[in-house]
Amino acid sequence: MTVDVLKANELKKAAPVFGQLSFDDHEQVVFCNDKDTGLKAIIGIHNTVLGPALGGTRMWNYNSEWDALNDVLRLSRGMTFKSAVTGLNLGGGKAVIIGDAKTQKTPELMRKFGEFVHSLSGKYITAEDVGMETADMDTVREVTPYVTGISEDKGGAGNPSPVTAYGVYMGMKAAAKFRFGNDDLQGRSVLVEGIGHVGESLVAYLAKEGAKIFISDINEAKLQQVKEIYNAEIFSGDVYAANVDIYSPCALGATINDNTIERLRAVIIAGAANNQLADDTRHGIVLREKGIVYAPDFLINAGGIINVYAELEGYGRKEIMEKTENIYNTTLEILNSAEANDISTHEAALKVAQQRIADRKNKK
Ligand code: NAD
């Protein structure tokens with residue numbers, strides 16, 4: 001075991017919450033337990049300087065409660081920076097429900113979760129994430145107004161995934177402009193890893209523009225379906241060593257890690273997955289040294305939060321799409337600023353977000 005791992009394990013034992021590696025001055029962490037419905041959830045409120053902490057609820061069968069805590073801490077922190085860099089008046093929060101969404105999710109459990117959200121009086125506002133559907137948010141809405149991502153017929157902004165995909169597409173084009181001097185993706189090869197809600201919509205944009213699309217997923221049936229609709233090629237082999245222009249992680253996080261980073265051959269990384277860098281301090285720098293242009297995940301996957309923010313601010317589809325399209329400009333600015341300051345693109349985006357929070361704090 002390395003010294004770092006030993007130290008991390010010691011910290012875990014010594015201080016189960018504040019000592020967690022992912023703990024980053026979170027304002028509040030709420031553990032929710034209900035014996036009757038079987039609910040075990042954790043709500044992480046990272047920062048509320050810019051506004052209420054908004055972020056989705058993930059239901060996942062975690063290997064351990066430590067994993068669940070670690071996930072909610074990492075995800076809620078990411079939401080703070082996502083909203084800040086996007087210019088939204090929102091703080092960062094996220095919730096996780098421990099369990100299998102396919103077999104353990106019941107309306108009673110969702111309502112009980114909603115009651116816990118309600119008890120925070122609007123400091124945390126929830127939404128969908130992995131394992132959640134719009135219908136679940138409708139159930140939560142029965143017991144609290146502090147929920148977004150509800151269905152359109154109930155006054156919501158509907159499914160955020162196509163908007164997220166549009167933002168990722170804009171970020172990818174900006175990265176192409178930066179790297180190739182031209183944002184045209186026609187003929188560029190793109191490997192989309194994960195063709196779920198966001199990945200498939202992204203493939204649709206890429207197909208329309210004439211990109212050469214490769215797809216990878218663990219769901220065989222989905223692969224065949226997307227291949228046929230969009231004339232994409234199913235990629236078999238080592239995704240990370242694929243000889244493509246652009247690698248687009250749209251499945252799970254941490255796919256850029258010590259094992260994969262040396263194998264990467266793509267010159268651009270632009271995808272929807274949250275927390276793509278396993279270690280955001282180290283891996284952002286390695287990508288820069290390797291000459292790979294990394295479009296920071298929390299910057300280019302903000303379409304979904306822009307979409308749900310519309311429910312709070314009451315703006316419509318046109319404004320949602322305009323704000324999402326602006327991800328192109330912000331990405332380009334951040335890539336240029338990273339180059340000018342000789343820092344990783346992740347750090348450049350983080351600096352913009354942190355500055356916005358610091359400015360607001362000073363004003364208060
Ligand atoms: P999803 O569950 O609909 O799709 C994920 C896809 O990835 C599925 O098809 C799944 O089979 C596949 N997958 C899982 N493990 C894989 C693996 N090891 N290799 C290849 N494929 C694998 O999720 P989604 O809503 O499309 O979100 C995708 C990612 O984007 C997630 O990380 C999510 O947190 C992030 N994200 C989503 C939104 C949104 O609006 N939905 C917004 C911001 C960020």
Side-chain angles (χ1 to χ4, degrees), residues 54-61 71-72 74-76 78-79 81-83 85-86 88 90 92 94-96 100-102 126-134 136-137 148-149 156-172 191-205 214-227 232 234-240 242 247-257 259-260 269-278 295-311 320 324 327:
L54 196 152
T57 297
R58 174 171 293 189
M59 187 159 183
W60 194 255
N61 218 352
D71 206 29
V72 80
R74 269 172 69 90
L75 290 165
S76 52
M79 291 309 295
F81 300 128
K82 186 184 302 200
S83 286
V85 79
T86 310
L88 307 179
L90 290 174
K94 203 94 181 181
V96 296
D100 185 336
K102 287 200 181 82
T126 197
E128 282 175 64
D129 194 64
V130 177
M132 289 290 143
E133 309 288 337
T134 306
D136 299 315
M137 295 305 112
T148 55
N159 181 4
S161 302
V163 188
T164 301
Y166 185 57
V168 171
Y169 172 57
M170 286 295 114
M172 191 182 280
L191 191 154
V192 181
E193 180 188 36
I195 41 163
H197 292 110
V198 181
E200 183 177 351
S201 287
L202 176 64
V203 166
Y205 282 115
F214 296 89
I215 50 176
S216 146
D217 202 290
I218 48 173
N219 183 335
E220 263 307 314
K222 187 87 203 207
L223 279 172
Q224 291 301 335
Q225 193 191 347
V226 171
K227 172 190 165 179
I234 297 175
F235 186 86
S236 49
D238 183 358
V239 164
Y240 310 103
Y247 161 54
S248 182
C250 294
L252 300 177
T255 57
I256 299 155
N257 54 48
N259 285 328
T260 60
I269 299 174
N274 284 312
N275 298 328
Q276 290 167 24
L277 307 180
D297 49 8
F298 66 90
L299 168 64
I300 72 167
N301 72 11
I305 190 105
I306 293 172
N307 193 63
V308 294
Y309 188 54
E311 286 179 30
I320 290 174
T324 305
I327 288 177

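Numbering of ligands and ligand atoms starts at 1, following listing order.
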(message) Against His197, only a single residue in Ser161, Pro162, Cys250 fulfils side-chain contact (heavy atoms from CB on, under 4.5 Å); can you say which?
(response)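 It is Ser161, the one option of Ser161, Pro162, Cys250 that forms the side-chain contact (heavy atoms from CB on, under 4.5 Å) with His197.
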
(request) Among Ile234, Leu223, Leu202, Asn219, find the one that has a side-chain contact (heavy atoms from CB on, under 4.5 Å) with Ile195. (result)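 With Ile195 as partner, Ile234, Leu223, Leu202, Asn219 yield a single side-chain contact (heavy atoms from CB on, under 4.5 Å), made by Leu223.
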
(request) Mind checking whether Met132 contacts ligand 1 via backbone (N, CA, C, O), side chain (CB onward), both or neither, at a 4.0 Å heavy-atom cut-off? (result)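 Neither part.
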
(request) Determine whether Phe214 and Val239 make a side-chain contact, defined as any pair of heavy atoms from C-beta on separated by less than 4.5 Å. (result)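 Of all side-chain heavy-atom pairs linking Val239 with Phe214, none is under 4.5 Å.
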
(request) Tell me, please: is Glu200 in heavy-atom contact with ligand 1, that is, under 4.0 Å? (result)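 No heavy atom of Glu200 comes that close to ligand 1.
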
(message) When you measure from the heavy atoms of Gly253 to every atom of ligand 1, does any distance fall below 4.0 Å?
(response)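 Under 4.0 Å: no for Gly253.
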
Examine [X] against ligand 1 and note whether any of their N/O atoms are separated by less than 3.5 Å.
X	answer
Val198	yes
Asn274	yes
Glu193	no
Ala251	yes

Measure the spacing between [atom1] of [X] and [atom2] of [Y] and express it to the nearest 0.5 Å.
X	Y	atom1	atom2	value
Ser248	Leu191	OG	CG	8.5 Å
Glu200	Lys222	CD	NZ	4.0 Å
Gln276	Asn301	CD	CG	7.5 Å

Name the closest protein heavy atom to [atom], giving the residue it belongs to and the distance to 0.1 Å.
atom	value
atom 43 (C) of ligand 1	Asn301 O, 3.6 Å
atom 36 (N) of ligand 1	Ala272 O, 3.7 Å
atom 4 (O) of ligand 1	Gly196 CA, 3.2 Å
atom 41 (N) of ligand 1	Ser161 OG, 3.1 Å
atom 3 (O) of ligand 1	His197 ND1, 2.7 Å
atom 5 (C) of ligand 1	Cys250 O, 4.0 Å

(request) For Glu311 and Ala157, indicate whether the former's side chain and the latter's backbone hold a donor-acceptor pair under 3.5 Å. (result)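 Between the backbone of Ala157 and the side chain of Glu311 there is a qualifying donor-acceptor contact (under 3.5 Å).
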
(request) Ignoring hydrogens and angles, tell me if any N or O in the side chain of Thr260 forms a donor-acceptor pair with the backbone of Thr255 under 3.5 Å. (result)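 Looks like yes, one N/O pair under 3.5 Å.
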
Option whose closest heavy atom lies nearest to [atom], chosen from [options]:
atom	options	answer
atom 15 (N) of ligand 1	Asp297, Ile218, Ile305	Ile218
atom 38 (C) of ligand 1	Thr164, Val192, Thr255	Thr164
atom 20 (C) of ligand 1	Asp217, Ile300, Asn219	Asp217

(message) Please tell me if atom 11 (O) of ligand 1 is touched by the protein, where touching means a protein heavy-atom distance below 4.0 Å.
(response)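 Yes, there is one.
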
(message) Would you say NZ of Lys227 has more than 12 non-hydrogen atoms from neighbouring residues, nucleotides or ligands within 6.0 angstrom?
(response)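 No - once you tally the heavy atoms of other residues, nucleotides and ligands closer than 6.0 Å, there are 12 at most.
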
(request) Can you sort out the partners of Thr126 under side chain to side chain donor-acceptor pair (under 3.5 Å), two or more places apart, ordered by chain and number? (result)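 In terms of side chain to side chain donor-acceptor pair (under 3.5 Å), with neighbours along the sequence ignored, Thr126 is linked to Thr57, Tyr124.
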
(message) Just to verify, what does Tyr169 make a ring pair (Phe, Tyr, Trp, His ring centres under 6.0 Å) with, not counting sequence neighbours?
(response)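 Result, ring pair (Phe, Tyr, Trp, His ring centres under 6.0 Å) vs Tyr169: Tyr205.
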
(message) Only heavy atoms of Arg58, strictly under 4.0 Å: list the atoms of ligand 1 that pass.
(response)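 With Arg58 as reference, the close atoms of ligand 1 come out as 34 (O).
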
